[in-house]
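Working notes, structure below.
These figures come from a predicted structure and were not determined experimentally.
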Amino acid sequence: MTNGIVISLAIIFMHACTWDGMIFAGIKKIIKPDWFISKPIYRCPICMTPWWGTLFYFFLQPSPTLINWLSTIAVAAGLSVLYICLLTIREAAMTYCDSLDKE
């Protein structure tokens, strides 16, 4: 379970590093955001989890098992879903606050 949390936070960090103005924003020039492959590489933390999470898992786990790998990736993916939900709520709140300011 701890590895799932670590993996999720690492993936969220990787995702945030590709936002505009961040250190890895230049990857968007190499792998365009409208390309399908951009989602598992940098654009979608949920889509990134099985790929990057597997790499992190085998790096972190001294004795990997199939059940442990699947449960770890499931925990990390679930946390990524929560992260995306929080970002969506934040964006909706910001839009709402902006609409109040214009009135």
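- Put simply, the side chain of Trp52 reaches to within 4.5 Å of the side chain of Met14, judged on heavy atoms.
- Considering CG of Leu9 and CZ of Phe56, their distance stands at 11.0 Å, rounded to 0.5 Å.
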Quiz item: So Asn68 and Asn3, side-chain contact (heavy atoms from CB on, under 4.5 Å) or not? Walk me through it.
Solution: CA-CA 10 Å; Asn68 195 6; Asn3 281 347; 5.8 Å; no
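- Side-chain N or O atoms of Ser71 include one that pairs as donor or acceptor with a backbone N or O of Ile67 at under 3.5 Å.
- Looking at Ile41 and Met48, their side chains never come closer than 4.5 Å, going by heavy atoms from C-beta outward.
- Considering only heavy atoms from C-beta on, Phe58 comes within 4.5 Å of Trp69 through its side chain.
- In terms of heavy-atom proximity, Ile31 sits nearest to Ile37 at CG2-CG2, 3.8 Å.
- In plain terms, the two heavy atoms of Ile11 and Pro45 that are nearest each other are CG2-O, 3.8 Å.
- Under the 4.5 Å side-chain criterion, counting only non-hydrogen atoms from C-beta, Leu82 is in contact with Leu79.
- Contact annotation: the side chain of Lys28 approaches that of Asp20 to within less than 4.5 Å [non-hydrogen atoms, C-beta and beyond].
- Side chains of Ile7 and Leu60 form a contact here, defined as non-hydrogen atoms less than 4.5 Å apart.
- Residues Leu70 and Val75 do not share a hydrophobic cluster, clusters being chains of Ile/Leu/Val/Met/Phe/Trp/Tyr side chains in contact below 4.5 Å.
- Phe36 CZ to Cys47 SG: the interatomic distance, rounded to the nearest 0.5 Å, is 7.5 Å.
- Note: the hydrophobic cluster containing Ile12 also contains Met22 (ILVMFWY, side chain heavy atoms under 4.5 Å, direct or indirect links).
- Atoms OG1 and CD, on Thr72 and Gln61 in that order, are 6.5 Å from each other to the nearest 0.5 Å.
- Linking ILVMFWY side-chain heavy atoms closer than 4.5 Å, directly or via other members, places Ile89 and Ile84 in two distinct hydrophobic clusters.
- One finds the CH2 atom of Trp19 at 14.5 Å from the OH atom of Tyr42 (value rounded to the nearest 0.5 Å).
- Criterion: ILVMFWY side-chain heavy atoms under 4.5 Å apart, direct or through other members. Under it, Ile27 and Trp35 are part of a common hydrophobic cluster.
- Using a distance-only test at 3.5 Å, with no hydrogens or angles considered, no donor-acceptor pair links the side chain of Tyr57 to the main chain of Pro50.
- For the residue pair Ala25 and Gly21, the shortest heavy atom distance occurs at CB-N, 4.1 Å.
- Remark: side-chain polar atoms of Thr18 are paired, donor with acceptor, to backbone N or O of His15 under 3.5 angstrom.
- A donor-acceptor pair under 3.5 Å is absent between the side-chain atoms of Ser8 and the main chain of Gly4, judged by distance alone.
- Leu86 places none of its side-chain heavy atoms less than 4.5 Å from the side chain of Tyr83.
- Under a hydrophobic clustering in which Ile, Leu, Val, Met, Phe, Trp and Tyr are joined whenever their side-chain heavy atoms come within less than 4.5 Å, directly or via other members, Leu55 and Phe59 fall into the same cluster.
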